[in-house]
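Notes to accompany the following structure.
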Amino acid sequence: MQMQIVDENEQLRKSFMDAMLKESPMLGRCWLPRGKAPTAVSDEEVELLASKKKAFHAYDYAPAQAWWFLSRDTDVLRERYLGYGGLTAFFLKPSAEEKLTVVPPVASTKMIIPKFLRKEPGLKVVLEDFNPQKPNQIPGFVRNHPAMKQVFSIFDVDKVQEKNRTLMSPFRDQTKEIFGVGISHDLEYEGILFVLPKLASEDFFSRTDQEIRHWFEVFDVYINESPEDEGIIMACKDNLRPLVASIVEEMRNKGYRYWEG
């Protein structure tokens with residue numbers, strides 16, 4: 001989600017701040033093929049701003065930035081941020097590295113615990129909620145403790161591992177390599193977490209086939225709210241027209257109607 005759009009909408013900014021701990025947004029740069037890069041402020045412009053003869057807009061002097069949400073609750077994210085003109089969604093296949101990071105299920109084994117230990121009150125509380133298939137799961141006696149209720153209501157501990165895998169995805173470096181056009185020599189480049197392409201339909205017709213194929217090394221399906229196109233664009237690595245057509249037909253059969261003015 002573009003940072004400027006979140007920042008300039010008071011209600012959206014409040015929702016963003018309230019959900020920050022759950023959604024885990026990470027800040028990165030945007031790449032706008034048609035956008036004009038911000039330039040250094042001239043002495044004359046400084047005087048105009050100081051004398052208030054020119055209004056100051058911070059985003060006129062800073063590169064476009066975006067929030068990448070580590071949360072995988074995509075339905076919630078779309079409901080919160082879709083419709084403001086700044087949301088982008090990637091669909092991509094899991095990489096080989098990501099597949100390897102998935103923890104294999106633990107073999108089901110019967111735990112043999114001596115009777116005198118099973119009768120011990122402290123150990124009984126620990127064992128009654130233990131699941132050998134999920135050894136990393138937080139024990140029930142911790143989760144249900146009154147002092148921990150507020151923590152779990154704000155911070156979803158069960159999803160920390162999932163967010164960590166997302167953060168370590170090759171996606172980050174791929175976006176910097178392919179879309180970090182013109183900034184690879186900047187001092188801040190190493191500190192940039194990712195680079196988000198903000199593409200319009202024009203970009204897919206004005207660029208070479210080689211460039212576009214290079215883009216699709218990062219994602220398989222690209223969906224972007226595009227103010228330039230006054231709508232949402234979808235670009236696909238494979239031909240998904242039959243699939244989209246079948247979905248639209250099914251939705252029409254169920255009574256969905258959209259403005260087509």
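Residue numbers count from 1 along this sequence.
- No continuous path of hydrophobic side-chain contacts links F69 to M168 [ILVMFWY only; heavy atoms under 4.5 Å].
- Summarising the geometry of R207 relative to I212, their closest heavy-atom pair is O-CD1, 3.9 Å, with the distance given to 0.1 Å.
- Checked against K176 for a side chain to side chain contact (heavy atoms under 4.5 Å, CB included), the options Y189, F171, W31 give a single hit: Y189.
- A 4.5 Å side-chain heavy-atom check between I233 and F204 finds at least one atom pair inside the cut-off.
- Rounded to the nearest 0.5 angstrom, M1 CE and Q65 CD are separated by 14.5 Å.
- When all heavy atoms of P25 and W67 are compared, the pair lying nearest together is CB-CE3, 3.6 Å.
- Residues K22 and S71 fail the side-chain proximity criterion, which asks for heavy atoms closer than 4.5 Å.
- Proximity of a side-chain donor or acceptor of D229 to a complementary backbone N or O of G231 within less than 3.5 Å is not detected.
- Side-chain atoms of I232 and N224, non-hydrogen and from C-beta on, never get closer than 4.5 Å to each other.
- Using the six-membered ring where Trp is involved, W68 and F194 have ring planes that are perpendicular, over 60° apart on the 30 and 60° scheme.
- Using a 4.5 Å heavy-atom threshold, the side chains of E23 and D73 count as separate.
- Annotation: the span from Q174 atom CD to W215 atom CH2 amounts to 16.0 Å, rounded to 0.5 Å.
- Linking Ile, Leu, Val, Met, Phe, Trp and Tyr residues whenever their side-chain heavy atoms come within less than 4.5 Å places L92 and L193 in a single cluster.
- Here the SG atom belonging to C30 is positioned 10.5 Å from the CE atom belonging to M3, to the nearest 0.5 angstrom.
- Atom CZ of R78 sits about 9.0 Å away from atom CG of L87, to the nearest 0.5 Å.
- Counted by atom type alone, E211 and T208 present one or more donor-acceptor pairs between their side chains at under 3.5 Å.
- Inter-residue side-chain proximity for L240 and V221 is flagged as met; some heavy-atom pair is nearer than 4.5 Å.
- The main-chain N or O of E249 is found under 3.5 Å from a side-chain atom of N253 such that the two form a donor-acceptor pair.
- For the pair M26/L167, a side-chain contact is recorded, criterion being any heavy-atom separation below 4.5 Å from C-beta on.
- At a threshold of 4.5 Å between non-hydrogen side-chain atoms, the residues D18 and S15 do not count as touching.
- For the residue pair L243 and S246, the shortest heavy atom distance occurs at O-OG, 2.6 Å.
- Ring-centre distance between F90 and Y222: below the 6.0 Å cut-off.
- Between Y81 and F16, the ring planes lie perpendicular to each other; the angle is over 60°, past the 30° to 60° tilted range.
- With hydrogens and angles ignored, the 3.5 Å screen pairs a side-chain donor or acceptor of E225 with a backbone N or O of G86.
- Although no hydrogens or angles enter the test, the distance criterion places a donor-acceptor pair under 3.5 Å between the side chain of D203 and the main chain of A200.
- Closest approach of A66 to L196, counting heavy atoms only: CB-CD2, 3.6 Å.
- With values rounded to the nearest 0.5 angstrom, R241 atom CZ is found 10.0 Å from M234 atom CE.
- Taking hydrophobic clusters as Ile, Leu, Val, Met, Phe, Trp and Tyr residues chained together by side-chain heavy-atom distances below 4.5 Å, L82 shares a cluster with F91.
- One hydrophobic cluster, built from ILVMFWY side chains closer than 4.5 Å, holds both M20 and Y84.
- Comment: E8 does not engage R13 in a salt bridge, judged by the lack of any side-chain N to carboxylate O separation of less than 4.0 angstrom.
- Of the inter-residue distances, the one linking F219 atom CZ with T175 atom OG1 reads 10.5 Å to the nearest 0.5 angstrom.
- Cluster annotation: M17 and L77 are assigned to the same hydrophobic cluster (Ile/Leu/Val/Met/Phe/Trp/Tyr, side-chain heavy-atom contacts under 4.5 Å, transitive).
- In this structure, E177 and D173 have side chains that are not in contact, with every pair of non-hydrogen atoms separated by 4.5 Å or more.
- Between E217 and R213, none of the side-chain N atoms (NZ, or NE/NH1/NH2) sits under 4.0 Å from a carboxylate O, so this pair counts as no salt bridge.
- With R72 contributing its side chain and L70 its backbone, the two residues share a donor-acceptor pair below 3.5 Å.
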Q: Please test R34 against E202 for side chain to side chain contact (heavy atoms under 4.5 Å, CB included), starting from the C-alpha separation and ending with a verdict.
A: CA-CA 9 Å; R34 294 146 284 96; E202 176 187 344; 3.6 Å; yes
